[in-house]
Amino acid sequence: MTRNHFQPSRRTVLAGAAGAAFAVAAGTGTAQAAPGAAAWPSEFPLPDGWLPEGITTGSRPYAYMGSRADGSIYRTDLRTGEGGVLHEGATGLASIGLKLDGDGLLYVAGGAGGTAKVVDARSGELLTTYQLTQDAAPFINDVVLHRDRAWFTDSRAAVLYGVPRGREGEVRALPLTGEWVQAPAGTNSANGLVATPDGRGLIVVNAGRLYNVGIRTGHATRVALVGASDVTNGDGLVRLGRTLYVVQNRLNKITVWDLDRNATTATLRRTITDPRFDVPTTAARFGNRLYLVNARFTSPQTPETTFNAVAVSL
């Protein structure tokens with residue numbers, strides 16, 4: 001696992017955060033609803049051919065969305081629906097899942113490149129690239145920020161990767177053991193992930209099942225589901241307290257689950273559907289809304305294909 005480019009210290013990043021540009025453009029902390037937010041657009045466009053899959057928000061009213069086409073990152077003002085390209089990608093790159101840290105750093109999953117990137121959410125500058133694996137066919141898919149690391153899934157291998165947050169350090173590879181069942185070669189396993197309510201582990205969706213993974217050991221225990229037998233096509237996850245939102249992409253729905261104290265059982269509470277869903281993949285919360293990108297996997301994936309993001313009420 002190798003690293004390229006400059007890695008800023010947390011002190012450096014926080015010092016830069018004093019500027020007005022950071023206050024306007026980068027979200028930090030916990031998202032709060034703003035006055036008049038109900039009048040904000042609940043649907044906004046992305047560039048044609050964008051091929052979105054990941055979305056993230058912070059405390060400021062901005063959404064960041066990666067491109068599978070070339071690894072670019074697009075930033076939209078949630079108040080107006082207007083946006084532009086923050087970070088320019090390049091041929092052969094991809095930005096899949098991404099999360100915005102309180103430092104104003106974006107941690108970005110690099111898909112088939114096997115990488116994790118760190119991008120400055122103020123300037124769009126690429127700060128660091130980590131080569132997580134040398135496997136011939138990886139797919140670094142999603143990311144969650146938990147404690148001192150950004151944890152990434154590899155959908156083609158039974159392992160999670162922990163990248164240091166805002167400081168120097170080594171990438172940690174965490175092999176998945178216990179009850180984990182890896183999908184056959186060439187198909188996807190681990191996808192979205194969130195921290196458990198007690199902070200001791202990560203909940204990972206894998207082939208229609210949820211697993212509770214200990215971050216010290218990598219031991220995976222299957223989460224018992226009550227009210228449904230599985231979470232088929234489970235993709236992005238969002239957790240608010242003990243409420244877990246599971247985006248089930250090709251089923252065009254979000255299932256809402258109540259977790260028990262130790263995240264060993266999830267009970268289905270309700271299902272969110274919307275006629276605007278067109279294979280939504282991941283979601284991010286801002287205020288009392290979930291924002292989702294439509295990946296449109298069942299439509300032609302061409303440079304002329306139109307894409308958008310939509311919002312639904314929590």
Side-chain angles (χ1 to χ4, degrees), residues 53-55 96-97 99 139 141-144 146 151-160 174-184 187-274 277 279-285 289-293 295 297-298 312-314:
E53 188 163 345
I55 182 170
I96 313 299
K99 289 294 185 296
F139 194 79
N141 197 332
D142 210 346
V143 54
V144 66
H146 184 52
W151 289 97
F152 291 82
T153 54
D154 184 343
S155 293
R156 301 298 174 88
V159 61
L160 302 178
L174 183 67
L176 299 173
T177 61
E179 298 179 2
W180 185 264
V181 178
Q182 184 70 14
T187 57
N188 285 347
S189 280
N191 201 326
L193 70 171
V194 292
T196 58
D198 62 11
R200 297 178 181 177
L202 302 173
I203 299 172
V204 184
V205 62
N206 167 23
R209 304 180 181 93
L210 297 174
Y211 291 86
N212 185 329
V213 177
I215 56 175
R216 294 182 61 187
T217 65
H219 187 276
T221 303
R222 186 171 171 180
V223 178
L225 302 181
V226 178
S229 60
D230 56 42
V231 286
T232 299
N233 298 132
D235 200 329
L237 303 180
V238 174
R239 182 184 62 79
L240 302 177
R242 292 191 192 174
T243 301
L244 180 69
Y245 296 83
V246 181
V247 181
Q248 295 180 243
N249 54 36
R250 292 176 187 262
L251 299 184
N252 287 312
K253 67 180 183 180
I254 306 167
T255 46
V256 186
W257 304 79
D258 291 324
L259 298 169
D260 68 346
R261 183 174 183 178
N262 297 315
T264 58
T265 301
T267 302
L268 182 63
R269 181 200 304 173
R270 62 190 176 98
T271 299
I272 300 172
T273 59
D274 192 289
F277 287 173
V279 194
T281 45
T282 50
R285 176 223 176 185
R289 288 176 168 183
L290 281 181
Y291 288 85
L292 305 96
V293 287
F297 288 148
T298 56
V312 294
S313 174
L314 289 172

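Sequence positions, counted from 1, serve as the residue numbers for this chain.
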Any side-chain heavy-atom pair of [X] and [Y] under 4.5 Å:
X	Y	answer
Val238	Val194	no
Leu176	Tyr211	no
Thr271	Val256	no
Trp257	Val223	no
Leu237	Leu244	yes
Asn188	Arg156	yes

Please report the interatomic distance [atom1]([X]) to [atom2]([Y]), rounded to the nearest 0.5 Å.
X	Y	atom1	atom2	result
Asn206	Trp180	CG	CH2	4.0 Å
Leu290	Asp274	CG	CG	11.5 Å
Asp258	Arg270	CG	CZ	10.0 Å
Arg250	Asn233	CZ	CG	7.0 Å
Asp198	Arg242	CG	CZ	9.0 Å
Arg239	Leu193	CZ	CG	11.5 Å

If I compare all heavy atoms of [X] with all of [Y], which pair ends up nearest, and what's the gap?
X	Y	value
Val312	Ile254	CG2-CD1, 4.2 Å
Leu259	Ile203	CD1-CD1, 3.8 Å
Val144	Ala195	CG2-N, 4.1 Å
Ser229	Arg222	O-NH2, 4.4 Å
Ile272	Ser313	CD1-O, 4.3 Å
Gln248	Thr232	NE2-O, 2.8 Å

Practice problem: Go through the steps to decide whether Thr281 and Val293 satisfy the test side-chain contact (heavy atoms from CB on, under 4.5 Å), and finish with yes or no. | Solution: CA-CA 6 Å; Thr281 45; Val293 287; 3.5 Å; yes

Self-check item: Pair Thr264-Asn262, side-chain donor/acceptor within less than 3.5 Å
Solution: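 No, no side-chain donor-acceptor contact under 3.5 Å.
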
Self-check item: Given Val204, Asp230, Leu225, the one that forms side chain to side chain contact (heavy atoms under 4.5 Å, CB included) with Leu210
Solution: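 The side chain to side chain contact (heavy atoms under 4.5 Å, CB included) with Leu210 is passed solely by Leu225 among Val204, Asp230, Leu225.
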
Quiz item: Heavy-atom count around Arg200 CZ within 6.0 Å, excluding the residue itself: above 12?
Solution: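 Counting other residues, nucleotides and ligands, CZ of Arg200 stays at 12 neighbours or fewer.
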
Self-check item: Ion pair check, Lys99 and Asp142, cut-off under 4.0 Å
Solution: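 Asp142 and Lys99: salt-bridged.
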
Practice problem: Could you walk me through whether Leu160 and Thr153 pass side-chain contact (heavy atoms from CB on, under 4.5 Å), step by step? | Solution: CA-CA 5 Å; Leu160 302 178; Thr153 54; 3.7 Å; yes

Exercise. Mind running side-chain contact (heavy atoms from CB on, under 4.5 Å) on Asp235 and Thr282 for me, showing each step along the way?
Key: CA-CA 6 Å; Asp235 200 329; Thr282 50; 4.1 Å; yes

Between [X] (side chain only) and [Y] (backbone N and O only), is there a donor and an acceptor less than 3.5 Å apart?
X	Y	result
Asn191	Asn141	no
Asp154	Phe139	yes
Ser189	Ala183	yes

Exercise. Just jot down the ring pair (Phe, Tyr, Trp, His ring centres under 6.0 Å) partners of Tyr291, sequence neighbours excluded, or say none.
Key: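 Testing Tyr291 for ring pair (Phe, Tyr, Trp, His ring centres under 6.0 Å), a comparison that skips the adjacent residues, returns none.
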
